[in-house]
Amino acid sequence: MDQDRTPHTAHDGSDGGSERQEAAGGTVCSGCGAIAEGTPPTWTFSLEDGVPHYLCEECARTHIRAIEGRLDSSWW
């Protein structure tokens with residue numbers, strides 16, 4: 001996986017939405033802006049208000065408590 005750790009920001013003032021998530025055939029991390037070829041199986045995916053979000057391994061590990069906190073109690 002080729003990852004660029006340079007944060008990606010939208011130039012139009014928006015958060016980038018789904019355009020930000022898939023850049024030139026790659027996937028962009030919503031946390032740090034890392035770009036990976038394709039969609040790595042080790043990245044975390046969530047759909048929030050109809051908008052897809054991906055987190056790289058590093059960001060997912062950093063924010064695991066917040067991710068777990070959003071799960072329905074039926075998961076536990």
Side-chain angles (χ1 to χ4, degrees):
M1 287 179 272
D2 183 28
Q3 295 181 349
D4 174 16
R5 298 306 244 177
T6 305
H8 174 84
T9 55
H11 296 289
D12 62 0
S14 71
D15 67 359
S18 60
E19 296 167 9
R20 180 178 176 196
Q21 298 303 313
E22 295 183 22
T27 303
V28 179
C29 175
S30 295
C32 67
I35 300 172
E37 293 180 20
T39 304
T42 55
W43 283 31
T44 303
F45 172 80
S46 67
L47 189 62
E48 300 172 21
D49 296 324
V51 179
H53 293 276
Y54 294 92
L55 287 177
C56 67
E57 288 179 72
E58 187 175 327
C59 287
R61 287 176 192 265
T62 300
H63 302 290
I64 192 68
R65 298 242 187 245
I67 293 168
E68 289 175 344
R70 290 185 285 162
L71 293 174
D72 292 332
S73 60
S74 62
W75 283 95
W76 307 107

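Numbering starts at 1 and runs along the sequence shown. Reckoned from all heavy atoms, side chains included, excluding hydrogens, waters and symmetry mates.
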Visitor: What's the separation between atom NE2 in His63 and atom CD in Glu68, rounded to the nearest 0.5 Å?
Guide: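 Answer for the NE2-CD pair, His63 versus Glu68, is 13.5 Å.
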
Visitor: Quick one: closest heavy-atom pair of Leu55 and Ala60, and the distance?
Guide: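 Distance-wise, the nearest heavy atoms are CB-N, 4.2 Å.
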
Visitor: Please examine the side chains of Tyr54 and Cys29, heavy atoms only from C-beta on, and report whether any two atoms are closer than 4.5 Å.
Guide: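 A side-chain contact under 4.5 Å is absent here.
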
Visitor: Between Cys32 and Cys56, which heavy-atom pair has the shortest distance, and what is it?
Guide: SG-SG, 3.9 Å

Visitor: Report whether Trp43 and Leu47 are members of the same hydrophobic cluster (ILVMFWY, side-chain heavy atoms less than 4.5 Å apart, transitive linking).
Guide: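 In one cluster: yes.
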
Visitor: Looking at residues at least two apart in the chain, or sitting in another chain, which of them share a salt bridge (charged side-chain N to carboxylate O under 4.0 Å, His left out) with Arg70?
Guide: Glu48

